[in-house]
Amino acid sequence: MTRYPILAGLRFLQRHPLHLSLSVLAIALGVSVVGAVDLVNGSAMRAFVIASDAVAGTSTHRIVGGPRGVPEEVYRRLRVEHGIRSIAPVVEAYVHLAPEDIAARTVRLLGVDIFAEQAFRGYLASPRLQGNAGALLTDASAAALPTATARALGLAPGQRFAIEINGRQHYMVLAATFDADRALERTALASVLVTDIATAQELLEMEGFLSRIDLVISSETGAADEIVRLLPDGTTLAPASAQRQALEQMTRAFRLNLTALSLLALLVGMFLIYNAMTFSVLQRRQLLGMLRALGVTRAEVYRQVLLEALVLGVVGTLAGLVLAVVLGNALLHLVTRTINDLYFVLSVRELALTPAAFAKAAALGLGATVVAALVPAWEATTTPPRAVMSRIVIEIRQRRRLPLQLTATAACWVAGVVLLSASRDLWISFAALFLIIAGSALLAPAATRASIALLQPVMRRALGVLGAMAARGITVSLSRTGVAMAALSVAVAASVGVGVMIQSFRGSVADWLDNYLRADYFVSSAASGVGASQRLVPGAVLDEVRALPGVETLSLGRMVRLEGTGGFTDLFVLHMPRKSFTAFRLIAGTPEAAARAYFAGDGVLISEPYAYRHRLAVGDAVVLRTDIGDRRFPVAGIYQDYGSDHGVVTMSRATYNKHWMDSGITSFGVYARADAVPEALSASLRAILAHYDGLVLYPNRELREVSLAVFDRTFTVTQVLRLLAILVAFVGILSALMVIQLERAREFAVLRANGMTPAQLWGLVTTETGLMGLVAGALAVPLGVVLAAMLVYVINRRSFGWSMDMYIDPLTLGSALLLALVAALMAGLYPAWRMSRTPAALALREE
Amino acid sequence: MSMIRLRGVHKTFLEGNRRHVVLDGTNLEIEAGQTVALLGRSGSGKSTLLNMVSGIDVPDAGEVIVCNENIACLGESARTLFRRHHVGFVFQFFNLIPTLTVLENLLLPVELAGKLNNVARERAADLLARVGLADRAASYPEQLSGGEQQRVAVARAVIHRPSVLLADEPTGNLDEAASSAVLDLFAELVSASDVTLLMVTHSREIAGRCSRVLELRDGVAHELQVQGT
């Protein structure tokens with residue numbers, strides 16, 4: 001490629017610094033959002049995998065049990081009676097370390113037998129522990145911490161520190177410290193607290209039970225089959241990786257949605273790059289025409305425009321990668337918190353800056369820039385090789401293209417709908433969503449022309465000749481305004497779509513909570529969040545509460561996670577008054593039949609996500625591992641549930657009691673008598689619970705609010721990404737409209753020369769950009785609603801298995817219009833100011 | 001030897017629903033080294049004829065033979081390369097690339113032809129000196145007057161030693177003094193480089209400085225008697 005044409009192009013960019021910097025900023029923001037989300041997702045998963053692997057050690061399999069765990073006796077028999085040596089007992093739960101300290105954190109309490117650890121977690125083997133390792137066996141409050149964690153907490157051997165389990169505080173003594181061999185493991189183990197197995201059992205009230213038994217088994221010797229034969233009913237042997245994979249799988253949809261949202265920001269950025277490049281080509285038609293006349297070929301022009309885009313892309317991408325790290329650090333906390341709220345306990349201390357994440361973001365940024373510049377580059381090759389080309393020819397060509405653009409719109413929409421109905425795959429669904437957005441963008445020029453045709457008479461009546469000029473100014477330069485309108489409406493529509501989706505989701509959850517929460521008060525363990533150990537409610541509490549005069553009845557809940565070879569199933573056991581069965585809003589199965597089967601122990605209910613994930617319908621069966629072996633439970637109904645996207649199986653207490661030897665409950669609801677005085681009942685309940693550590697009381701309304709607060713918290717990251725997409729849009733709109741107006745310097749100078757006052761010029765420019773903002777906003781609203789409908793009815797369902805209703809808040813739609821209007825008006829300010837201050841003669845001469 | 005030969009060239013344009021005939025079987029023959037002025041009213045097809053000769057446009061029918069090559073039969077890319085090597089162009093407006101310096105503008109055709117070397121640089125310096133702008137090599141076009149810009153454009157049009165120099169009203173935008181300077185330059189450079197000049201103009205006076213004058217009327221080129229100035 002020859003040097004001077006390239007130099008000419010690059011200098012053109014350099015001579016339009018405002019346009020250039022806004023385009024670079026749009027790319028940088030798009031790349032930073034994608035990069036940040038990828039870094040955060042990667043860091044979270046990396047931390048999770050490293051932590052799981054470090055804690056699992058070298059174990060190949062694990063024996064897991066029923067609701068209460070694996071009876072200790074199983075371990076003893078395997079080790080002593082059957083002589084299996086590569087075997088280690090584990091008691092495990094999440095607890096809060098130093099709850100009152102600012103360094104408070106959730107850590108994994110690992111109860112182990114330090115003599116059995118050598119083959120599994122070498123760093124916990126007794127010879128490797130530094131300090132008084134023997135105390136772990138003899139002192140019920142002795143614990144060991146990683147050296148770095150102890151140092152961070154300012155703890156020396158022999159010092160006391162507090163931990164909180166299920167709302168109850170315990171004091172431990174630092175007896176020993178330990179260190180893993182590898183740096184990665186050391187990072188992963190920073191959040192592990194180790195005690196002897198008996199201490200952990202006592203702390204977690206798991207006397208006689210183990211969380212699991214770790215094993216190292218050769219896969220070829222048939223040892224696994226042998227062990228399975230030795231296991232009692234209610235326990236099973238699972239590969240060590242099964243749970244990790246299941247947990248990883250659980251967050252897949254969440255992470256994918258974050259990625260898709262970040263890609264939406266990049267897509268908006270792409271439109272803006274497309275807009276910037278198209279505009280720079282249009283602006284330079286004379287220059288390109290001259291080059292063509294001098295013998296520059298079409299292919300050379302094409303390569304030149306692509307090269308310029310690439311230069312913008314490289315600069316924007318580099319800036320974007322730096323921003324990605326800053327943004328990633330800010331998002332890390334939000335994403336980790338959401339994973340903690342919804343899925344499992346995860347501690348991610350820092351962003352893992354992997355070359356792969358940077359490479360991916362850079363490739364996406366550069367790729368998006370080049371793809372966005374393909375059409376403008378092709379446009380540039382159509383420049384005829386002559387020096388002067390009439391603007392009107394360009395506009396006529398644009399007008400002739402309108403039918404083609406409408407056909408392309410229809411094609412994109414049809415392709416989108418076909419893709420949506422052809423596959424349940426989430427990536428394909430997102431591809432369809434993006435196709436529909438692209439199709440809608442192609443519609444923008446025609447829709448703008450039609451809207452302005454309708455508005456022009458109104459503008460003339462309202463604002464006179466200036467009003468008509470402002471309106472006409474948009475359609476006569478549709479080659480430029482059409483692209484900006486497309487970018488503007490897509491950007492605003494994306495914001496409307498995500499906004500309405502979040503509202504719909506929240507509205508559906510609020511509505512569901514209203515129906516689902518039937519009791520007047522709820523009591524549960526103070527430990528909150530997924531992964532909190534399930535402390536059982538003491539039976540005495542129930543007796544005392546039942547005896548209160550204002551109490552009509554109680555509902556009793558028991559949450560159980562059944563682990564098996566293929567992951568786990570969450571089982572919710574619920575004893576409730578018959579009248580409360582309507583709390584389950586059935587989406588499949590008749591309420592009468594489902595209630596009959598549920599209470600008679602002939603069937604279970606499954607939540608909608610569970611049914612979606614396992615492709616189950618009423619009449620099918622769920623196979624669960626019970627204390628008396630695997631049992632099939634017919635599905636009597638499928639109910640709406642937003643509590644977990646993993647899905648839940650709900651069964652009556654009677655059914656549960658038939659299959660599990662477990663009488664524990666983990667939460668209960670209190671139904672007040674009609675004549676009960678709320679204040680008095682509330683006070684009595686509080687008085688009872690005051691005698692039992694770690695139990696919290698939630699009045700109905702409060703639990704609803706707490707649940708919605710968790711919802712809002714988990715959607716903070718979505719809102720942040722939405723705001724970033726809006727920011728990208730705002731920058732792009734500002735750039736596009738500003739350049740359109742600046743390019744008309746000569747036209748404005750002619751107007752000024754003919755007697756238009758600076759104030760009138762201000763009026764003309766801001767009316768025109770304002771009108772563009774308004775029309776783009778108006779186009780964005782229906783597109784935004786369509787996007788929201790796709791997110792609500794298709795993407796969310798396919799991601800999480802939830803169906804929900806659309807809730808459209810007029811405020812969201814109004815604020816979208818306002819966003820477009822404000823961005824457009826702001827874009828008009830600088831050109832209006834500049835032109836009103838530039839003497840007309842100078843502007844005419846400059847041209 | 002004939003440098004430019006048009007045989008039965010037809011060209012029409014669609015204007016709204018009406019087809020407008022611009023060139024109607026035009027025949028034309030220009031010998032190597034001739035300087036030819038092309039007169040005609042606005043819209044008579046002068047620029048279209050120039051576009052045919054340069055390969056910017058192709059006729060609906062007929063032959064356009066330049067440098068013994070029928071460029072009407074060439075594809076778009078081949079015509080562009082033909083133009084790159086054999087044609088120099090001077091327009092009325094917007095001749096120079098605003099984002100390249102005077103020297104870079106001058107060297108652009110040589111570079112496009114892949115002949116950018118020290119000899120070319122020396123020639124550029126020599127041409128700049130001859131157009132009286134040796135001290136403006138690093139200036140951008142916007143820093144030059146209209147006349148100066150057009151002088152650079154003329155120098156650029158001949159730097160790669162084209163066989164044919166096409167000029168579309170090269171002085172239409174200049175005052176009398178500047179026009180005269182540019183035309184003198186044309187005469188000097190054309191005679192020095194033995195190039196064939198075809199110049200579109202409205203001015204009979206300017207036309208008088210050429211060795212032949214043609215007038216395009218009703219799509220046909222008519223030979224006019226040269227009147228000396």
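So that the names make sense, note that chain A is the first sequence line, chain B the second, and so on, each numbered from 1.
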**Study point:** Non-hydrogen side-chain atoms of V53(B) and L198(B) separated by less than 4.5 Å
**Key:** yes

**Study point:** chain B interface, residue from Q14(A), R11(A), R298(A) that has the most non-hydrogen pairs under 4.5 Å
**Key:** R11(A)

Review point. Just by distance, with hydrogens left out, do R19(B) and T12(B) show a side-chain donor and acceptor under 3.5 Å apart?
Key: yes

**Study point:** Top contributor to chain A interface from R79(B), R83(B), H85(B) [non-hydrogen pairs under 4.5 Å]
**Key:** R83(B)

Exercise for review: Could you look at L107(B) and say if it's the side chain, the backbone, both or neither that has a heavy atom under 4.5 Å from chain A?
Suggested key: both

Check your understanding: Does the side chain of P5(A) come within less than 4.5 Å of L112(B)'s, by heavy atoms?
Key -> yes

Practice item. Would you please classify the geometry between the F89(B) ring and the F91(B) ring as parallel, tilted or perpendicular, with 30° and 60° separating the classes? Key: parallel

Check your understanding: Hey, which of L100(B), L81(B), V87(B) has the most heavy atom pairs under 4.5 Å with chain A?
Key -> L100(B)

